[in-house]
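Labels below follow one simple rule: chain letters A, B, ... track the order of the sequence lines, proteins then strands, and each chain is numbered from 1.
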Protein chains: 2
Amino acid sequence: MTAPRQTKQRATVLEALRVTPRFVSAQELHGVLRAGGEGTGLTTVYRHLQALAADGTVDVLRADDGESLYRICADSGHHHHLVCRHCGTSVEVEGPAVERWAVRMAEEHGFADVEHTLEIFGTCASCSRKRG
Amino acid sequence: MTAPRQTKQRATVLEALRVTPRFVSAQELHGVLRAGGEGTGLTTVYRHLQALAADGTVDVLRADDGESLYRICADSGHHHHLVCRHCGTSVEVEGPAVERWAVRMAEEHGFADVEHTLEIFGTCASCSRKRG
DNA sequence: ATCGGTTTTGACAACGGTTTTCATATGCGG
DNA sequence: CCGCATATGAAAACCGTTGTCAAAACCGAT
Ligand SMILES: [Zn+2]
Ligand SMILES: [Zn+2]
Ligand SMILES: [Zn+2]
Ligand SMILES: [Zn+2]
């Protein structure tokens, strides 16, 4: 459990995520880095995203097509997302009542080690305008 | 929009789903059919599951590893699931308050065409016992 | 029952996102 | 500055899923 090395690639991936206020795929991020002149390999991008997700630095969600999307959120605590299915723009939302409901459902049916996934997908105002 | 033909394979897949009270993957279902002496092809299993999911006959959810899992539910209306991550056993649950919350969040942020995904994962009583 | 068209089937190949491999490069403690 | 454990990345493997296409099966019409 030694601290990760401070490499150019790690800094580059983190910076790209911090500058991107929406959910992006590993491949998209890789493309952006390539375009920016950084020769970061796709494998390395995947590895960093995976590590960042594991330690909770980034949130992950699965798009309809199965692709994993990543984002650094302002709120480091437990929360959910309202995500635009067209551009990936997302809003962090909390629902204390939902959290309690999930726990109660689990208890009522004897389930342990409970977790839940909850995402709201829609078309954001900006994309609604562009699409009429 | 003609009715699908009544083939042996279609009946077999439907029957297998009806007899299985838990979420199963296409490959698992295919294995069961093979073991049962039915020579149903994997491609065909995928096609039927896809069609059944499209018309709402079966519910679909994505496991952590990205695999799609299918199940025929008793409740044909909108509902969510409490799923055992070990054996796939699931309970159908409803949360009217959650539905309203999701709609309200979307409205507050100007999102249209809203949908949501919500699943609760845990270890069911039976699996808890087996695992101490 | 038979025929003919349309649909369905299934072995196989292709696809696409992700992970593994492994030889090389590099951060970093001593 | 050395030594070495870790990080990198091109290429290959992986794996669930979808596309291909010739052969088989369904079904309405004859
Ligand atoms: Zn948008
Ligand atoms: Zn929650
Ligand atoms: Zn269980
Ligand atoms: Zn709902």
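Across all strands, B:Thr7 comes closer than 4.0 Å only to sugar-phosphate atoms, never to a base (heavy-atom distances). At the heavy-atom level, B:Ser68 lies under 4.0 Å from the strands shown only through sugar-phosphate atoms. Contacts of A:Gln6 with the nucleic acid, taken as non-hydrogen atoms under 4.0 Å apart, involve only primed sugar atoms and P, OP1 or OP2.
When distances run from any side-chain atom of A:Thr43 to the nucleotides C:dT20, C:dT9, C:dT8, the shortest one goes to C:dT20. Ranking C:dG17, D:dG16, C:dT26 by closeness to the A:Glu67 side chain, first place goes to C:dG17. Residue B:Leu42 places its side chain closer to D:dT17 than to any other of D:dC26, D:dT17, D:dT20.
In this structure, A:Thr89 OG1 and B:His109 NE2 are separated by 12.5 Å, a value rounded to the nearest 0.5 Å.
In this structure, the ring of A:Phe23 has its center less than 6.0 angstrom from the ring center of A:His81. When ring centroids are compared, A:His80 and A:His116 come within the 6.0 Å threshold.
Under 4.0 angstrom from either OP1 or OP2 of C:dG16 there lies no side-chain N or O belonging to A:Gln27. The side chain of A:His48 contributes no N or O atom lying less than 4.0 Å from OP1 or OP2 of D:dA7. Look at B:Tyr46 and you won't find any side-chain N or O under 4.0 angstrom from OP1 or OP2 of D:dT18. Contact check, A:His30 against D:dG9: no side-chain N or O comes under 4.0 Å of OP1 or OP2.
Under 3.5 Å, the side chain of A:Arg47 and the base of D:dG9 form at least one donor-acceptor pair of N or O atoms. On a pure distance criterion of 3.5 Å, no polar donor-acceptor pair joins the side chain of A:Thr44 and the base of D:dA7.
Mapped onto DNA chain D by nearest heavy atom, A:Gly41 and B:Asp65 fall at different nucleotides, with A:Gly41 at the one closer to the 5' end. Ranked by how close their nearest DNA chain C nucleotide is to the 5' end, B:Arg5 and B:Gly39 are led by B:Arg5.
Look at CZ on B:Arg10: it is 13 Å from C1' on D:dC26, rounded to the nearest Å. Between the CD atom of A:Glu38 and the P atom of D:dA7 there is a distance of 19 Å, given to the nearest Å. As a whole-Å value, the separation of B:Tyr70 OH from D:dG16 C1' is 9 Å. In this structure, B:Leu14 atom CG and C:dT8 atom P are separated by 14 Å, rounded to whole Å. At whole-Å resolution of the value, CZ in B:Arg62 and C1' in D:dC15 are 13 Å apart.
Between A:Ala16 and A:Leu29 the shortest heavy-atom distance is CB-CD1, 3.9 Å.
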Intermediate values then yes/no, side-chain hydrogen bond (donor to acceptor under 3.5 Å, both in side chains), B:Glu94 and B:His79: CA-CA 5 Å; B:Glu94 290 183 50; B:His79 61 271; over 6 Å; no
